[in-house]
Structure formats: C-alpha cells, structure tokens
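One structure is given here, and the rest of the page talks about it.
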Amino acid sequence: MFSEPKSKHIPRATIHRLATYVQALENLARDGMEIVSSNPLADACGVNGSQVRKDLAYFGEFGVRGVGYNVKSLLLAITQALGVDREWKMALVGVGNLGRAILNHHEFRLRGFNIIAIFDCDPFKIGEIMHGMEVRCTDDLKTHIRDVNIDIGIITTPPERAQRAADNLFSAGIYSILNFAPARIKAPEIAHVEYVDFFHHLYALAFDVTKTDMHE
C-alpha cells in the first residue's frame, strides 16, 4: 500500500505515468501474471525500468529486489494513490456528438467515474432523457446538484460556450474540470482544470510526419 508521498510536489508527468502503469497492470492481471519486474512493466508503458522505480519511489518502497512486484498488490497501491479506488460523481455539460459519445463510453463507469447529471443550453435538448437522466438547463446546474455532491465536471460544449459552462460549474462549487472544448478556461486559483485537445495531438503528429518527409 502506498504511503504518504515523500514530496508534496509530485511531477505531473509522474501522475500520468502512474495511470499508464494501472492500465498495464490490469492487462497483466487479466493474463494471469502474478509477479512482474520493473523492466517488463516499463516496456509495456513505453518507458525504462529506472523511470518506473523512480516514480514509485515517491510513495515508498515496493517489490522485492531480484523478484519484482506483485501485480495485484501494486495495482491496488497505485489506484489508492491516484484516488481511483472509490466512486467519483460527475456532471457533463454539453450533450452534442462528443457529449453523447462520452455518455456511451461504459469504461467511465467501470473505472468508478459515474456521470449522474447532464446539462445543455440548447432548448431542443433540454428535457430529453439520455441513459436514464434528464438533460437540464445549464442555468439550473447550481440548484440541481446542490445535494448530489458532484466531484468532477466534464465540459464538451463548443469552444465559445466553454467559459460559461465552467463558470456554472464553479458557481456550483465544482472546481475539478475535464475540458474537451478547444478553449482555455479562466479559473479561480483553487480550481483544477485538465484539457483534452484532440487537435493538439493531431498537430504534433502532422509535424512529425512533415519533419520526416522533409528529411527523406
């Protein structure tokens, strides 16, 4: 089990790698593997063994030298460290094509991220029932979720509506946001906003291909 971090300043890249380790360990557990050393785990995650050991060292000592890590125990320890060993209640703002795709993505619920409220500002969508939930007006967000204890907000609106969606979430006391809209959000200091920008990755791929073509 992970202990309290040795440092309060855990690199963001380490947190992202821990999430990757979870996926790799889940695959190993499904394959029936009980013990794994740092190098095979690193190979499955696209890093090196020393990086795995360094990342885990932020939280304590794991594994047995010359033997490796117990897959299930390490998986449990990392999920506890990430805080994903519990249910997280989420509100989704924006039920266009992307929002509907996320609602249809059952992996969220399987991993403990449960969307329990959905909102939109389109009068033609308000009142619809999706996955057993009524689409409510974003202006009613604060009132509706007052007693629901939402942990995380997801924004899948067009970019010009992202700030308004975020402001509605902030006013409702939701300061953890996953933003899929291609727009930067002005947020209070206490807020945590993560951005998922598909074009950011597409631009990087386009650049890599262009650079390769130029050197051929």
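Residue numbers start at 1 and run along the sequence shown. Worth saying up front: this structure is predicted, and the values here are computed from it rather than measured.
The same ILVMFWY cluster, assembled from side-chain heavy atoms under 4.5 Å apart, contains both Ile150 and Ile190. Leu141 and Leu178 are members of different hydrophobic clusters when ILVMFWY side chains are connected at heavy-atom separations under 4.5 Å. No chain of hydrophobic side-chain contacts below 4.5 Å, direct or via other Ile, Leu, Val, Met, Phe, Trp or Tyr residues, connects Ile174 to Val196. When hydrophobic clusters are built by joining Ile, Leu, Val, Met, Phe, Trp and Tyr residues whose side-chain heavy atoms come closer than 4.5 Å, directly or via intermediates, Ile154 is not grouped with Ile116. Connection of Ile126 to Val93 is not established within any shared hydrophobic cluster, with ILVMFWY side chains joined at heavy-atom distances below 4.5 Å, either directly or through further cluster members.
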TODO: Begin from the C-alpha positions of Glu194 and Asn179 and carry the test side-chain contact (heavy atoms from CB on, under 4.5 Å) through to its verdict.
DONE: CA-CA 6 Å; Glu194 289 284 337; Asn179 179 35; over 6 Å; no
Task: CA sep, side-chain torsions, deciding dist, call: Arg17, Cys45, side-chain contact (heavy atoms from CB on, under 4.5 Å) - done: CA-CA 8 Å; Arg17 283 191 295 269; Cys45 299; over 6 Å; no
- [ ] Could you please spell out the steps behind the side-chain contact (heavy atoms from CB on, under 4.5 Å) verdict for Val36 and Leu25?
- [x] CA-CA 9 Å; Val36 63; Leu25 288 166; 4.2 Å; yes
Task: side-chain contact (heavy atoms from CB on, under 4.5 Å) between Ile78 and Val84, worked out - done: CA-CA 9 Å; Ile78 296 177; Val84 293; over 6 Å; no
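Heavy atoms only, all atoms of each residue included: Ile145 and Ala117 are closest at CG2-CB, 4.3 Å. Nearest heavy atom pair, residue Asp120 against residue Gly96, reads OD2-N, 4.3 Å. When all heavy atoms of Pro159 and Pro182 are compared, the pair lying nearest together is CB-O, 3.7 Å. Across every non-hydrogen atom of Thr156 and Gly99, the tightest pair is OG1-CA, 3.5 Å. Arg161 and Cys121 make their closest contact through NH1-SG, 3.7 Å (heavy atoms, listed as atom of the first residue, atom of the second, distance). For Val52 against Tyr21, the heavy-atom pair with the smallest separation is CA-OH, 3.5 Å.
With respect to the salt-bridge test (charged N to carboxylate O, under 4.0 angstrom), the residues Arg111 and Glu26 qualify. Looking at Asp139 and Arg164, a side-chain N of the basic residue comes within less than 4.0 Å of a carboxylate O on the acidic one, giving a salt bridge. Using a 4.0 Å cut-off between a side-chain N of Lys or Arg and a carboxylate O of Asp or Glu, Arg100 and Glu128 qualify as a salt bridge.
Using modelled atom types, no side-chain atom of Ser38 and backbone atom of Arg53 make a donor-acceptor pair closer than 3.5 Å. Side-chain atoms of Tyr195 come within 3.5 Å of backbone atoms of Ile185 as a donor-acceptor pair (strictly under, hydrogens ignored). Asp151 places a side-chain N or O within donor-acceptor distance of the main-chain N or O of Lys89, the cut-off being under 3.5 Å. With hydrogens and angles disregarded, a donor-acceptor distance shorter than 3.5 Å links the side chain of Asp122 to the backbone of Phe124. Glu34 places no side-chain N or O within 3.5 Å of a backbone atom of Asn70 that could act as its donor or acceptor partner. Looking only at distances, no side-chain donor or acceptor of Thr14 sits under 3.5 Å from a matching main-chain atom of Ile10.
Each of Val135, Val95, Leu92, Thr138 was evaluated against Phe119; a single residue qualifies, Thr138, per the side-chain contact (heavy atoms from CB on, under 4.5 Å) test. The side-chain contact (heavy atoms from CB on, under 4.5 Å) test with His131 is passed by exactly one of Leu103, Ile118, Ile115: Leu103.
Residues Phe108 and Asn114 form no side-chain contact, since every pair of their non-hydrogen atoms from C-beta on lies 4.5 Å or further apart. In this structure, Asn48 and Asp43 have side chains that are not in contact, with every pair of non-hydrogen atoms separated by 4.5 Å or more. Annotation: side chain of Val71 is not in contact with side chain of Leu41 (no heavy-atom distance under 4.5 Å). Two residues are said to be in side-chain contact when any heavy atoms from C-beta on lie closer than 4.5 Å; Ile155 and Ile177 meet this criterion. Using a 4.5 Å heavy-atom threshold, the side chains of Val22 and Leu82 count as touching. Between Arg86 and Trp88 the shortest side-chain heavy-atom distance falls below 4.5 Å. Residues Leu56 and Leu18 have side chains in contact (heavy-atom distance under 4.5 Å, counting atoms from C-beta outward). No side-chain heavy atom of Ser37 sits less than 4.5 Å from a side-chain heavy atom of Tyr69.
Within 6.0 Å of CD in Glu134 there are more than 12 heavy atoms belonging to other residues, nucleotides or ligands. Within a 6.0 Å sphere centred on CG of Asn97, heavy atoms belonging to other residues, nucleotides or ligands number 12 at most. Remark: Lys125 NZ is packed, more than 12 non-hydrogen atoms of other residues, nucleotides or ligands lying under 6.0 Å away.
Between Phe170 atom CZ and Gln163 atom CD the span is 7.0 Å, to the nearest 0.5 Å. To the nearest 0.5 Å, atoms CD (Gln23) and CG (Leu75) are separated by 11.0 Å. Once rounded to the nearest 0.5 Å, the distance linking CD of Glu87 with CG of Asn149 reads 11.0 Å.
Scanning for ring pair (Phe, Tyr, Trp, His ring centres under 6.0 Å) contacts around Phe180 gives an empty result, with sequence neighbours left out.
Looking at Asp55 and Gln51, their side chains do bring a donor and an acceptor atom within 3.5 Å of each other.
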